[in-house]
Amino acid sequence: MKYTILWKPILKLVLREFFIAILLLLSVSILIFSILKLAPGDPLHIFINIQTQNPEEIAAIKREFGLDRSIAVQYLSWLNNLIHGNFGNSFRTGRPVFGELIKVGVNTLILTIGSMIVTLLIAIPIAVISSLRRCPFLSWGLTLFAYILSSLPVFWLGYIAIYIFTKKFNLFPFLSAGAASGFRINWIYFLLPIIVLGIGNGSISEIIRHMRAQLERVLSEDYIKAAKAKGASIWRHSFKEGILIPVTTMIAAKIPFILGGAVVVEQVFNWPGMGRLAWQAALDRDYPVIMGITIFAAVVVHLGRLSQTIVFAFVNPQTSEKGEAA
């Protein structure tokens with residue numbers, strides 16, 4: 001009965017978030033599609049400059065890509081294909097966009113998830129030490145160090161890391177263009193970009209500040225003091241509200257910034273991820289690829305928000321039920 005009661009609000013929240021996600025994706029797709037179509041330049045310039053200036057052939061290319069129709073018709077056609085699982089074909093390569101996204105999306109997910117782990121491995125211990133206030137000088141020094149790390153531009157940090165660890169001491173190999181073109185990549189190539197993005201995404205100081213404030217609040221609660229007086233583990237009692245919820249909240253809030261940092265890191269390290277693909281697609285005005293990446297990014301961001309909602313519901317299902325009733 002307990003688990004039945006627990007799963008009911010969670011199921012309601014998931015269904016609600018699903019409908020919100022549909023509306024979000026629809027709104028984002030309309031906005032990005034309109035911006036792409038109204039922006040100066042179009043993919044025809046790539047073909048016209050290279051292949052032909054013949055008006056008949058230009059018209060044929062327009063018909064082939066569906067660029068001769070109105071913006072509304074083009075969007076509805078793209079949306080209809082998306083509903084049927086077809087993201088279209090790339091203007092530049094002619095290959096299916098979905099296959100391209102899967103190929104580079106795995107690399108980007110590994111890069112972003114790995115960088116989140118690095119960020120948390122640095123931020124959580126510092127936040128815990130700071131919240132205990134047992135060693136003010138150590139707490140102050142670690143916090144200052146974390147703020148300095150968060151202030152470093154990720155592109156600058158990437159170039160410095162390449163120079164020191166790759167060029168100077170040859171500790172990490174650099175991803176060459178040939179290796180970047182393949183799908184199977186040695187795991188060691190991931191290490192340096194993951195560390196750079198984990199340190200330079202600007203999230204360390206914010207996670208420390210937010211988590212320290214929540215831990216200090218929770219550790220001052222009466223039930224924590226009672227648990228400490230009984231000799232029970234205060235960390236077991238304070239884990240949900242003092243660590244799990246703050247970490248989940250910050251991760252969900254920082255996903256867009258980490259994805260944005262991944263674009264820079266992938267450019268710096270020549271990493272075959274979605275950021276480099278988006279950059280190339282923007283240069284080529286490759287609308288299907290840009291739209292596919294936009295949908296993928298919106299889904300990832302909303303999944304982060306959904307995970308936060310589910311964690312809240314698990315920690316306090318009664319609050320979720322009240323929220324639904326309200």
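Just so you know, residue 1 is the first one in the sequence shown, and it goes up from there. None of the values given here were measured: they were computed from a predicted structure.
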Next item on the list: May I ask whether F145 and V118 are part of the same hydrophobic cluster, defined by side-chain heavy atoms of I, L, V, M, F, W, Y residues being less than 4.5 angstrom apart, directly or through others?
Entry: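 In one cluster: yes.
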Check: With hydrophobic residues grouped by side-chain heavy-atom distances under 4.5 Å, do V263 and V301 end up in a single group?
Finding: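 They do not share one cluster, since no chain of ILVMFWY contacts under 4.5 Å joins V263 to V301.
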Next item on the list: Determine, step by step, whether S150 and E206 satisfy the side-chain contact (heavy atoms from CB on, under 4.5 Å) criterion, reporting the C-alpha distance in whole Å, the side-chain angles of both residues, the deciding distance to 0.1 Å, and the verdict.
Entry: CA-CA 9 Å; S150 295; E206 293 189 41; over 6 Å; no
Margin query: Please evaluate residues I251 and L120 with respect to the criterion side-chain contact (heavy atoms from CB on, under 4.5 Å), reporting the C-alpha separation (whole Å), side-chain torsions for both, the decisive distance (0.1 Å), and the verdict.
Written below: CA-CA 9 Å; I251 288 177; L120 295 178; 3.7 Å; yes
Tell me if a side-chain donor or acceptor on [X] pairs with a main-chain N or O of [Y] at a distance below 3.5 Å.
| X | Y | answer |
| --- | --- | --- |
| S90 | R95 | no |
| T143 | W140 | no |
| N81 | G88 | no |

Notebook entry, point to check: Regarding S115 and N201, is there a side-chain donor-to-acceptor distance under 3.5 Å anywhere?
Noted result: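 Their side chains do not contain a donor-acceptor pair, so the 3.5 Å distance test is not met.
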Check: Any side-chain donor-acceptor pair under 3.5 Å between E266 and T108?
Finding: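 Yes - a donor-acceptor pair under 3.5 Å links their side chains.
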Using side-chain heavy atoms (C-beta onward) and a distance below 4.5 Å, is [X] in contact with [Y]?
| X | Y | result |
| --- | --- | --- |
| I117 | I194 | no |
| S203 | M250 | no |
| L142 | S130 | no |
| V128 | R212 | no |
| V196 | F165 | no |
| R276 | N270 | yes |
| M211 | I124 | yes |
| V97 | D286 | no |

Check: In terms of heavy-atom contacts, does OH of Y75 have more than 12 from other residues, nucleotides or ligands at under 6.0 Å?
Finding: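 More than 12 heavy atoms, drawn from other residues, nucleotides or ligands, come within 6.0 Å of this atom.
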Notebook entry, point to check: For Y163, does the OH atom sit with more than 12 other heavy atoms under 6.0 Å from it, leaving out its own atoms?
Noted result: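 For Y163, atom OH is not crowded (no more than 12 foreign heavy atoms under 6.0 Å).
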Note to self: Could you walk me through whether I245 and Q214 satisfy the side-chain contact (heavy atoms from CB on, under 4.5 Å) test, starting with their C-alpha distance in whole Å, then the side-chain angles of each, then the deciding distance to 0.1 Å, before giving a yes or no?
What the structure shows: CA-CA 9 Å; I245 289 181; Q214 293 300 315; over 6 Å; no
Just how far is it from atom [atom1] of [X] to atom [atom2] of [Y], taken to the nearest 0.5 Å?
| X | Y | atom1 | atom2 | result |
| --- | --- | --- | --- | --- |
| T112 | I110 | OG1 | CD1 | 9.0 Å |
| M291 | L82 | CE | CG | 8.0 Å |
| I148 | I199 | CD1 | CD1 | 13.0 Å |
| L31 | L26 | CG | CG | 11.5 Å |

Next item on the list: Name the orientation class of the two ring planes belonging to W78 and F33 (parallel below 30°, tilted from 30 to 60°, perpendicular beyond 60°).
Entry: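 Ring orientation, 0 to 90° scale: tilted.
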